[in-house]
Trainee: 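Quick one: this structure, given as structure tokens, is what I'll be asking you about.
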Amino acid sequence: EDQVTQSPEALRLQEGESSSLNCSYTVSGLRGLFWYRQDPGKGPEFLFTLYSAGEEKEKERLKATLTKKESFLHITAPKPEDSATYLCAVQAWGGGYNKLIFGAGTRLAVHP
Amino acid sequence: SAVISQKPSRDICQRGTSLTIQCQVDSQVTMMFWYRQQPGQSLTLIATANQGSEATYESGFVIDKFPISRPNLTFSTLTVSNMSPEDSSIYLCSVVLGAENQPQHFGDGTRLSIL
């Protein structure tokens, strides 16, 4: 069964303290892995898509990497405005449509 | 990207009633989906809204409980029928703008509470 596990569930950082969020996945054939950011009261906001092991994507203080078993979202020198829930989702080959399987998310709080 | 609008943004309903949620996109999209996000949990796909045909439901979700319409390429509705407190959740629509492996973009959701 396709499955996505994110860790830690919650993370508290001081402003400027870099860290990484983990997304481990089990899927029959990975078609794509997606990272989203979700602010309270809002829908998920798309951040990155990774398609193959070894791929990396960057946006401002965020960098996403992918291996055959997991993905990391690295946050460098975070700011309070980076506080949000970060969601990871995988799309598997087969099924004929664009189904995403989401992890439970990591709640990030960055304090000044 | 597209602007995705959901209505209503929130509602409080009595058990046994039904509520229809609308999702409007400002451009034509290839695929539309409906998700549920229960309190403290992640997103679960309810169904794929197919334009001009019946929706494709995921395991655990049935048409009688969650009827879906998609009359054109920019609009879809989800009805939550015969509601019970267990249906209290956030309901989100998402769209894909291009090929199937392109990212999904989400509306801000409908926060539904059942008394």
Side-chain angles (χ1 to χ4, degrees), chain A residues 1-10 21 23-25 27 29-52 55 57 59 62 64 66 71 84-107, chain B residues 1-10 21 23 25 29-51 53-61 70 89-112:
Chain A
E1 181 182 346
D2 299 334
Q3 194 169 353
V4 178
T5 303
Q6 291 188 246
S7 61
E9 290 185 12
L21 282 55
C23 171
S24 298
Y25 62 90
V27 66
L30 183 69
R31 193 174 188 183
L33 185 142
F34 303 84
W35 281 98
Y36 289 86
R37 166 190 173 131
Q38 187 172 26
D39 292 295
K42 299 290 187 180
E45 175 190 353
F46 170 70
L47 293 173
F48 302 109
T49 308
L50 301 167
Y51 292 109
S52 57
E55 190 174 0
K57 294 276 181 70
K59 179 181 180 181
L62 300 178
L66 181 65
S71 177
T85 296
Y86 290 85
L87 300 171
C88 170
V90 298
Q91 183 187 27
W93 283 103
Y97 59 96
N98 200 19
K99 178 178 180 178
L100 291 183
I101 301 166
F102 280 85
T106 293
R107 296 188 309 278
Chain B
S1 62
V3 176
I4 304 164
S5 302
Q6 279 190 241
K7 290 181 180 179
S9 59
R10 61 179 65 243
I21 302 167
C23 180
V25 192
V29 298
T30 53
M31 304 185 78
M32 297 181 78
F33 304 89
W34 287 98
Y35 285 83
R36 181 172 73 183
Q37 187 172 28
Q38 294 182 302
Q41 299 187 27
S42 195
L43 284 76
T44 302
L45 180 65
I46 297 172
T48 303
N50 300 310
Q51 194 263 329
S53 64
E54 192 170 288
T56 304
Y57 289 85
E58 295 299 304
S59 175
F61 298 96
R70 189 181 172 192
S89 189
I90 301 172
Y91 294 87
L92 299 120
C93 75
S94 72
V95 304
V96 174
L97 303 179
E100 279 191 10
N101 65 345
Q102 293 300 301
Q104 294 182 23
H105 298 275
F106 287 82
D108 282 339
T110 295
R111 281 144 191 82
L112 183 58

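Each chain gets a letter, A, B and so on, in the order the sequences are listed, and its residues count up from 1. Below, all heavy atoms of this structure are taken into account, side chains as well, without hydrogens, waters or symmetry copies.
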Trainee: When heavy-atom pairs shorter than 4.5 Å are enumerated against chain B, which of A:Gly105, A:Ala104, A:Ala89, A:Gly41 gives the highest number?
Mentor: A:Gly41
Trainee: Give, as side chain, backbone, both or neither, the part of B:Arg10 having an atom under 4.5 angstrom from any heavy atom of chain A.
Mentor: neither
Trainee: Is the number of heavy atoms from other residues, nucleotides or ligands under 6.0 Å of B:Arg111 CZ greater than 12?
Mentor: yes
Trainee: Test of understanding: with salt bridge (charged side-chain N to carboxylate O under 4.0 Å, His left out), list the residues that count as partners of B:Lys7, not counting sequence neighbours.
Mentor: none
Trainee: Show me the donor-acceptor pairs within less than 3.5 Å that the side chains of residues 38-46 of chain B make with the rest of the protein, sequence neighbours left out.
Mentor:
{"unit_1": "B:Ser42", "atom_1": "OG", "unit_2": "A:Gly103", "atom_2": "O", "d": "2.3"}

Trainee: With heavy-atom distances below 4.5 Å as the criterion, would you say the side chains of A:Leu100 and B:Phe33 are in contact?
Mentor: no
Trainee: Let me know if B:Gln37 has heavy atoms under 4.5 Å from chain A in its side chain, its backbone, both or neither.
Mentor: side chain
Trainee: Atom CD of B:Gln102 and atom CD of A:Gln91: how far apart are they, to the nearest 0.5 Å?
Mentor: 9.5 Å
Trainee: Among residues at least two apart in sequence or on other chains, which ones pass salt bridge (charged side-chain N to carboxylate O under 4.0 Å, His left out) with A:Arg37?
Mentor: A:Asp39
Trainee: Can you name the residues of residues 43-51 of chain A that have some heavy atom under 4.5 Å away from a heavy atom in chain B?
Mentor: A:Gly43, A:Pro44, A:Phe46, A:Thr49, A:Tyr51
Trainee: Verify, without hydrogens or angle tests, whether A:Tyr36 (side chain) and B:His105 (backbone) share a donor-acceptor contact under 3.5 angstrom.
Mentor: no
Trainee: Could you state the interatomic distance from CG (B:Leu92) to NZ (A:Lys42), rounded to the nearest 0.5 Å?
Mentor: 12.5 Å
